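Right, one structure below, let's go through it.
Everything numeric here is computed off the predicted structure, so don't read it as measured data. Just follow the structure's listing: the first ligand is 1, and inside any ligand the first atom is 1.
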Amino acid sequence: MAKTAIITGSSRGIGAAIALRLAKDGMNIAFNDLNMTMFENNDIVDRVKALGVEAEVFCADVSKYAECEAMVKAVKERFGTIDVLVNNAGITRDGLMARMPEEQYDMVIAVNQKSVFNMTKFVGNIMMRQRSGHIINLASVAGLYGNPGQINYSASKAAIIGMTKTVAKELGSRNVTCNAVAPGFIHTPMTDKLTEEQKAAMLAQIAMKRYGEPEEIAGVVSFLASEDSSYVTGQVIEISGGISM
Ligand code: NAD
């Protein structure tokens, strides 16, 4: 039976690139995003289906516990199994801490961090019972090193790193791996909204002197979702063109 991957926030950007790559690897794809409108402006579902795998969209707000529970149940019923979970959905609401309203902090924590608990709890229970599975979380270099203007975002991404290691320890004996990738500056709608000044400042810190492409994240996720990484768990792989050295 073909394996099934569920990828949150996969209508565009890094999530869409991961869906395409895992489909090329032969997996059926459970897409997720907030609503169907997100999928109307692109052909990502058709491109995945053209690769000969099955694909379906499951709309849910992953910051909501009950919506995640219902979505995971629906994916399991549709595909029979969930072998790979990619916790990709994420948002930025940047601003300096001194002026950040409480709601702006709470919203980013809910979407980026609470969602990982929601999804991993329900999918993890399925994976534990089937004694196999790979969970991959999207962290960020902001979670590793901090970033001015991103107190909410860097907190959520640092938390994801702690959660990754905890899940690896809780689920390891059931043959379920959990790893994180920490992208640097990747060309997507999320980063398109940065100013030219902010983009130039990022570029100056990157050893490879270029931004990354979503496909370069998808390649590492593909490895972590494959049996080639069967003894890798609790790790954070930075994909940043050398931003930290
Ligand atoms: P993006 O904004 O292009 O895509 C994110 C997707 O998540 C969107 O389709 C959005 O609708 C969806 N989403 C947002 N809130 C949601 C919710 N509550 N429920 C379900 N879906 C929701 O962003 P991207 O650049 O592709 O980022 C993907 C992931 O990679 C994020 O977790 C982000 O933090 C992380 N990341 C991105 C970069 C970068 O440079 N682009 C760097 C580091 C980490």
Of all the heavy atoms in Ala110, does at least one lie under 4.0 Å from an atom in ligand 1?
no
Any non-hydrogen atom of Ala60 lying under 4.0 Å from ligand 1?
yes
Considering only non-hydrogen protein atoms, determine which one is nearest to [atom] and report residue, atom name and distance to 0.1 Å.
| atom | result |
| --- | --- |
| atom 34 (O) of ligand 1 | Tyr153 OH, 2.5 Å |
| atom 5 (C) of ligand 1 | Gly90 O, 3.8 Å |
| atom 6 (C) of ligand 1 | Gly9 O, 3.4 Å |
| atom 17 (C) of ligand 1 | Leu34 CD2, 3.4 Å |
| atom 15 (N) of ligand 1 | Val111 CG1, 3.6 Å |
| atom 25 (O) of ligand 1 | Thr188 OG1, 2.6 Å |
| atom 37 (C) of ligand 1 | Ile14 CD1, 3.7 Å |
| atom 4 (O) of ligand 1 | Arg12 NE, 3.6 Å |

Taking everything shown except Glu197 itself, do over 12 heavy atoms lie less than 6.0 Å from its CD?
no
Over 12 non-hydrogen atoms of neighbours within 6.0 angstrom of CE in Met190:
yes
Which atoms form the tightest heavy-atom contact between [X] and [Y], and what is the distance?
| X | Y | result |
| --- | --- | --- |
| Ser63 | Ser115 | N-CB, 4.3 Å |
| Asp25 | Ser222 | OD2-OG, 2.7 Å |
| Leu51 | Leu20 | CD1-O, 3.9 Å |
| Arg131 | Asn175 | O-ND2, 3.1 Å |
| Ser240 | Val141 | CB-CG1, 3.9 Å |
| Thr233 | Val176 | OG1-O, 4.4 Å |

Classify the contact between [X] and ligand 1 as side chain, backbone, both or neither, using a heavy-atom distance cut-off of under 4.0 Å.
| X | answer |
| --- | --- |
| Thr8 | neither |
| Thr191 | side chain |
| Ile217 | neither |
| Lys157 | side chain |
| Ala182 | neither |
| Ala139 | backbone |

Numbered atoms of ligand 1 (with element) below 4.0 Å of Phe185, judged on heavy atoms:
40 (O)
Just jot down the ligand 1 atoms closer than 4.0 angstrom to any heavy atom of Ser11, in number order.
9 (O)
Aromatic ring pairing Phe117/Tyr65, orientation class (parallel under 30°, perpendicular over 60°, tilted between):
parallel
Heteroatom distance test ([X], ligand 1): nitrogen or oxygen, under 3.5 angstrom:
| X | result |
| --- | --- |
| Asp33 | yes |
| Ile91 | no |
| Asn88 | yes |
| Val62 | yes |
| Pro183 | no |

Closest to atom 40 (O) of ligand 1 by heavy-atom distance, out of Asn137, Val181, Leu138, Ile186, is Ile186
Any idea which of Met190, Glu67, Met38 brings a heavy atom closest to atom 23 (O) of ligand 1?
Met190
With sequence neighbours excluded, tell me which residues meet salt bridge (Lys or Arg N to Asp or Glu O under 4.0 Å) with Arg210.
Glu216
Sorted by chain and number, sequence neighbours left out, salt bridge (Lys or Arg N to Asp or Glu O under 4.0 Å) with Glu196 holds for Lys199
Salt-bridge test for Asp61 and Lys64: reply yes if a basic N is under 4.0 Å from a carboxylate O, no otherwise.
yes
Mark yes or no for whether Asn42, through its side chain, and Ser11, through its backbone, hold a donor-acceptor pair below 3.5 Å.
yes
If only atom types and distance count, is the side chain of Asn32 paired as donor or acceptor with the main-chain N or O of Gly9 below 3.5 Å?
yes
